[in-house]
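Reviewing the structure listed below.
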Number of protein chains: 2
Amino acid sequence: MKISSRFTVAVHILALLSIENEAHCTSEWIAGSVNTNPVVVRRVIGQLKKAGLVQVRPGTGGAFLTKDIKEITLLDIYHAVDVVEEGELFQMHEHPNPQCPVGANIQAVLEVILRRAQAAMEHVLKEVRLYDVVHILAEKIESSRS
Amino acid sequence: MKISSRFTVAVHILALLSIENEAHCTSEWIAGSVNTNPVVVRRVIGQLKKAGLVQVRPGTGGAFLTKDIKEITLLDIYHAVDVVEEGELFQMHEHPNPQCPVGANIQAVLEVILRRAQAAMEHVLKEVRLYDVVHILAEKIESSRS
DNA sequence: AGTTGTTGTAACTATAATGATTACAACAAA
DNA sequence: TTTGTTGTAATCATTATAGTTACAACAACT
């Protein structure tokens with residue numbers, strides 16, 4: 001199974017808000033860039049709002065960043081959109097047989113290892129800032145202007 | 001979303017085969033330890049067989065390991081049961097708008113970063129051998145015998 | 001040769017998550 | 001007061017998972 005595209009969509013949205021910060025960024029407009037439905041965008045923005053990463057102008061609409069892009073890591077975004085529970089990237093099979101020595105102990109053994117694996121993955125996300133994404137993106141955009 | 005319990009079930013099965021290697025390990029018997037349906041076990045064993053990790057005695061039944069447990073890593077098992085595609089732990093939203101500079105370039109930028117994150121997670125799995133799991137398990141079983 | 005027990009696989013089911021979509025009340029600005 | 005946008009509920013199609021029943025194929029044993 002894959003980690004929901006909510007995460008990559010959220011990064012896309014935040015990068016947009018940073019790069020096109022002059023524009024009036026409505027959910028409809030953002031949806032046009034992501035190529036999805038405006039409601040999908042609003043839902044993600046709702047989660048980013050809860051995490052304190054963006055705000056939305058009431059009434060007139062349009063979202064904007066509320067933090068310096070050097071202060072936002074991909075891990076913050078990943079947590080904001082709630083794609084993977086804390087320490088639960090791997091699904092354990094519930095209720096192995098407690099009468100069986102292996103069944104009684106396998107979970108505890110695996111949990112330590114799998115948490116470590118998940119942490120390693122999340123550590124990489126923590127080391128990348130939205131700033132870095134926007135920076136690389138801006139370079140690519142610049143160089144693709146022929 | 002979580003990575004399918006097929007993976008942890010597979011580790012459970014292989015640990016069983018190693019620890020109870022004297023027993024006649026039928027799918028029914030294994031299912032009793034995992035606490036699931038025998039067919040679920042047979043399906044997982046089918047994948048482990050394809051990967052060359054186990055064999056099944058024809059006719060009379062019963063599975064057994066075909067490799068030294070020091071030669072099997074958790075990554076091998078993870079690949080065997082096919083829970084995450086190569087470089088696709090994270091779902092990208094398909095077809096962002098190519099007319100938008102951000103939409104046209106975001107995927108390429110994220111792909112590099114997210115592959116790195118996935119690789120970090122898989123690297124941890126690669127460093128743990130079935131031998132290590134069995135070893136820790138055996139210790140726990142020993143110490144829980146009161 | 002026939003009985004027994006197991007496997008491999010197909011088929012079907014229930015459940016859950018995802019992502020898309022429609023609809024609409026609430027609301028600020030012009 | 002009109003306009004455009006948001007937030008949220010409700011619904012839907014699709015997909016993956018995990019469980020289950022059923023059964024032909026097959027080796028071992030008497």
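Naming: A, B, ... by sequence-line order, numbering from 1 per chain.
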In whole Å, what is the span from the [atom1] atom of [X] to the [atom2] atom of [N]?
X: B/K2; N: D/dT17; atom1: NZ; atom2: P; result: 14 Å
X: B/I3; N: D/dA16; atom1: CD1; atom2: P; result: 16 Å
X: B/I30; N: C/dT6; atom1: CD1; atom2: C1'; result: 12 Å
X: B/E28; N: D/dT20; atom1: CD; atom2: P; result: 12 Å
X: A/N37; N: D/dA13; atom1: CG; atom2: P; result: 16 Å
X: A/F64; N: D/dT6; atom1: CZ; atom2: C1'; result: 14 Å
X: B/D82; N: D/dA16; atom1: CG; atom2: P; result: 12 Å

Look at the side-chain N and O atoms of A/S5 and state whether any lies under 4.0 Å from the OP1 or OP2 oxygen of C/dT18. no

Let me have the donor-acceptor pairs involving side chains of residues 113-124 of chain B, under 3.5 Å, with sequence neighbours excluded, atom names and distances please.
{"residue": "B/R115", "atom": "NE", "partner": "B/E111", "partner atom": "OE2", "Å": "3.4"}
{"residue": "B/Q118", "atom": "OE1", "partner": "B/E88", "partner atom": "N", "Å": "3.1"}
{"residue": "B/Q118", "atom": "OE1", "partner": "B/L89", "partner atom": "N", "Å": "3.0"}
{"residue": "B/Q118", "atom": "NE2", "partner": "B/E85", "partner atom": "O", "Å": "3.4"}
{"residue": "B/Q118", "atom": "NE2", "partner": "B/E122", "partner atom": "OE2", "Å": "2.8"}
{"residue": "B/E122", "atom": "OE2", "partner": "B/Y78", "partner atom": "OH", "Å": "2.6"}

Which of residues 88-107 of chain A have a heavy atom under 4.0 Å from DNA chain C?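 Contacting residues: none.
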
Closest approach of [X] to [Y] (non-hydrogen atoms, all atoms of both residues):
X: A/L14; Y: A/L53; result: CD1-CD1, 4.4 Å
X: A/I69; Y: A/L65; result: CG2-CD1, 3.7 Å
X: A/S5; Y: B/M92; result: CB-C, 4.1 Å
X: A/N35; Y: B/P96; result: CB-CA, 4.2 Å

Side-chain polar contacts of residues 128-136 of chain A - donor-acceptor pairs under 3.5 angstrom, sequence neighbours left out - could you list them?
{"residue": "A/R129", "atom": "NE", "partner": "A/D132", "partner atom": "OD2", "Å": "3.2"}
{"residue": "A/R129", "atom": "NH2", "partner": "A/D132", "partner atom": "OD1", "Å": "2.9"}
{"residue": "A/D132", "atom": "OD2", "partner": "A/R129", "partner atom": "N", "Å": "2.8"}

Check ring pair (Phe, Tyr, Trp, His ring centres under 6.0 Å) between A/F64 and all other residues, then give those that pass, not counting sequence neighbours. none

Strictly under 4.0 angstrom, non-hydrogen atoms only: write out the protein contact profile of nucleotides 9-17 of chain C, one letter per nucleotide from the 5' end, B, S or -. BBB-----S

Could you run down nucleotides 25-30 of chain C 5' to 3' and tag each one B, S or - for protein heavy-atom contact under 4.0 Å? ---S--

May I ask you to decide if A/A51's main-chain N or O and A/H79's side chain share a donor-acceptor pair within less than 3.5 Å? no

Given A/L17, A/I30, A/V34, the one that forms side-chain contact (heavy atoms from CB on, under 4.5 Å) with A/H12: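 Passing option: A/V34.
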
Choosing from C/dA20, D/dT5, D/dA18, which nucleotide comes nearest the side chain of A/T26?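 The nucleotide sitting nearest to the side chain is D/dT5.
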
Rounded to the nearest 0.5 Å, how far apart are SG of B/C100 and CG of A/L16? 5.0 Å

Here the gap from A/T36 atom OG1 to B/N97 atom CG, rounded to the nearest 0.5 Å, amounts to 12.5 Å

